[in-house]
Amino acid sequence: MSEKATLEINGQKYDFPIVNGSENEKAINISSLRAVTGGITTLDPGFKNTGSCQSAITFLDGEKGILRYRGYSIEELAEKADFLEVAFLLIFGDLPTEEQLLKFHKDIKDNSIVDDDIRKILDAFPKSAHPMGVLSSLTSALTAFNPTSVNIDSEEDMYNSVVKILGKLPVLVAWTMRKKQGLPLDYGDNSLGYVENVLKMMFKQPNQDYVQNPILVNALNKLLILHADHEQNCSTSTVRIVGSSHAGLFASISSGISALWGPLHGGANQAVLEMLEAIKEDGGDTKKYMAKAKDKSDPFRLMGFGHRVYKNFDPRAKIIKVAADEVLNDLGVEDPILDIAKSLEKEALADPYFVQRKLYPNVDFYSGIIYRAMGIPVDMFTVMFALGRLPGWIGQWQEMRLRKEPIGRPRQIYNGQTSRSFKA
Ligand code: ACO
């Protein structure tokens, strides 16, 4: 017998089927609610209890601190996989064979050239522009230079769009950073792996050869994998909902980048570093900032703490904390910011306010520390997050398209003025 939930409204009972996920998650399917009740809907601001779709890509259990991509644990992937293998896994459902991976990488490299006219658009931005705004705009502009990317019913055009965006986004990321630094813009090096190529495009100085540092390659590979997908978060939901209108892949990804920008989401990694800097400038008194975070009349929040779904610990934070220590040790970096971060973490984990609310350090508490050690400017941190999240956005967009999901269109409860007349 299939399970059901019964809802009683003013003595009238309505049955709704219960949907079971493959990890025993349960959801009440209320898609017929309005029709059977004559107009009653649900209200769930922030979608804290609303599943927007069924998805076979990422499983996470916020209580147990589990994160898996297509069934593989994040711990195992971060330890053993290459970012591009993870990208293939997220987008196509299984890990690639050696042959599939070679072809995938070749297709990405063959499609990595960004039209030179995009430089003119980049030139028009002021140097002060935030890189996330620039990246979102340039990503959107890619549609104009690749018009077939909107043919969402063509499997061939969609595959080409996938490899194009995977090839071109790293170029746009590097250009966005280099433009601000007054460095010449260049293309990648097709003889390199995906991650090595990203590093070279970002950091190569015009008067020197670029020497790869395996510690940095390994750290960036891990960071990109850890950020690659996180089921229906704000930016991914944005990508799916924009795509549900049958907008093309690049427009949908551009919207995801905008959604990621905010400090409550991807922008938290920048906000964490700015917060740590501010605490350092203010004398390094972490207790003062702990008190501010707990004071309800003070808008200050401890950036990098808390998570909408992880209410025990963020498994990505555990992995990245170890990686941060490795990178800093290997590079011989001694950073007072790190000491402040460690004090804050220790104090928060022992403080009843944080313990009771289950506020633990999230992945972004540590990622900024690694990016800083790598020499990446603070305002580029969220751009690095976007680069990592790209395969997840693509996989989720593709799933939405192949499952022919309906256009996303939430309901509301109107609580404004009732009917009134215009002035006579
Ligand atoms: N510092 C101090 N108090 C906090 C913090 C924090 N970082 N986060 C949550 N709280 C408190 C809230 O004030 C609230 O207290 P109350 O119950 O007394 O009113 C309680 O904890 C619950 O907080 P909510 O905002 O309801 O939790 P929600 O799940 O909506 O928000 C969020 C999660 C946005 C991540 C929040 O914890 C936050 O703002 N953290 C700081 C920003 C951050 O690090 N964002 C990165 C998220 S991870 C990512 O996007 C990859």
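Just so it is clear, the values below take in all heavy atoms, side chains as well, and ignore hydrogens, waters and symmetry mates. All residue numbers refer to positions in the sequence shown, counting from 1. Atoms within each ligand, like the ligands themselves, are counted from 1 in listed order.
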Inset, instruction - Could you pull out, from Arg301, Lys311, Arg308, the option with a heavy atom nearest to atom 23 (O) of ligand 1? - result: Arg301
Inset, instruction - For the residue pair Phe381 and Val272, establish whether any side-chain heavy-atom pair is separated by less than 4.5 Å. - result: no
Inset, instruction - Among all protein heavy atoms, pick out the one at the shortest distance from atom 51 (C) of ligand 1; state its residue, atom name and that distance to 0.1 Å. - result: Asp364 OD2, 3.2 Å
Legend entry - Min side-chain heavy-atom separation Pro131-Met177 under 4.5 Å: no
Inset, instruction - Could you tell me whether Arg178 and Asp186 have a side-chain N and a carboxylate O separated by less than 4.0 Å? - result: no
Legend entry - Quiz item: cation-pi between Lys200 and Tyr210, 6.0 Å / 45°: no
Inset, instruction - Indicate yes or no: does an N/O atom of Val363 lie under 3.5 Å from an N/O atom of ligand 1? - result: no
Legend entry - Heavy-atom side-chain proximity of Asn160 to Thr148 below 4.5 angstrom: no
Inset, instruction - Write out the residue and atom name of the closest protein heavy atom to atom 42 (C) of ligand 1, then the distance separating them to 0.1 Å. - result: Met303 CE, 3.4 Å
Inset, instruction - Check ring pair (Phe, Tyr, Trp, His ring centres under 6.0 Å) between His130 and all other residues, then give those that pass, not counting sequence neighbours. - result: Trp261
Inset, instruction - Decide if atom NZ of Lys321 counts as having more than 12 heavy atoms of other residues, nucleotides or ligands within a radius under 6.0 Å. - result: no
Inset, instruction - Considering only NZ, NE, NH1 and NH2 on the basic side and carboxylate oxygens on the acidic side, decide whether Asp351 and Lys294 come within less than 4.0 Å. - result: yes
Inset, instruction - Would you mind checking which non-hydrogen protein atom is closest to atom 46 (C) of ligand 1, with the distance to 0.1 Å? - result: Ala268 CB, 3.4 Å
Inset, instruction - For atom 50 (O) of ligand 1, grab the closest protein heavy atom and report residue, atom and distance to one decimal in Å. - result: His265 ND1, 3.1 Å
Legend entry - Nearest neighbour in protein (non-hydrogen) for atom 17 (O) of ligand 1: Arg357 NE, 3.7 Å
Legend entry - Close-contact set for ligand 1 against Gly304 heavy atoms, below 4.0 Å: 43 (C), 44 (O)
Legend entry - Distance filter under 4.0 Å to Lys48 heavy atoms, resulting ligand 1 atoms: 26 (O), 30 (O)
Inset, instruction - Look at ligand 1 and say whether Lys296 reaches it with a heavy atom at a distance under 4.0 Å. - result: yes
Legend entry - Any protein heavy atom < 4.0 Å from atom 26 (O) of ligand 1: yes
Legend entry - Numbered atoms of ligand 1 (with element) below 4.0 Å of Leu264, judged on heavy atoms: 39 (O), 45 (N), 46 (C), 47 (C)
Legend entry - Subset of ligand 1 atoms that lie under 4.0 Å from at least one heavy atom of Ala293: 2 (C)
Legend entry - Within-shell test, Phe385 vs ligand 1, heavy atom, strictly < 4.0 Å: yes
Inset, instruction - Any pair with a residue in residues 27-54 that passes salt bridge (Lys or Arg N to Asp or Glu O under 4.0 Å), sequence neighbours left out, goes on the list, sorted by first then second residue, please. - result: none
Inset, instruction - Among all protein heavy atoms, pick out the one at the shortest distance from atom 35 (C) of ligand 1; state its residue, atom name and that distance to 0.1 Å. - result: Gly306 O, 3.7 Å
Inset, instruction - Kindly indicate whether the side chain of Leu220, heavy atoms from C-beta on, has any atom under 4.5 Å from the side chain of Met384. - result: yes
Legend entry - Lys168 (side chain) donor-acceptor with Asn111 (main chain) under 3.5 angstrom: yes
Inset, instruction - Among all protein heavy atoms, pick out the one at the shortest distance from atom 7 (N) of ligand 1; state its residue, atom name and that distance to 0.1 Å. - result: Leu302 O, 2.8 Å
Legend entry - Which residue and heavy atom of the protein sit nearest atom 4 (C) of ligand 1, plus the separation: Leu359 CD1, 3.6 Å
Inset, instruction - Select one of side chain, backbone, both or neither to describe which atoms of Asn233 lie under 4.0 Å from any atom of ligand 1, heavy atoms only. - result: neither
Inset, instruction - Run the ring-centre check on Phe313 versus Tyr360 and record whether the distance is less than 6.0 Å. - result: no
Inset, instruction - May I ask whether Tyr353 places a heavy atom under 4.0 Å from ligand 1? - result: yes
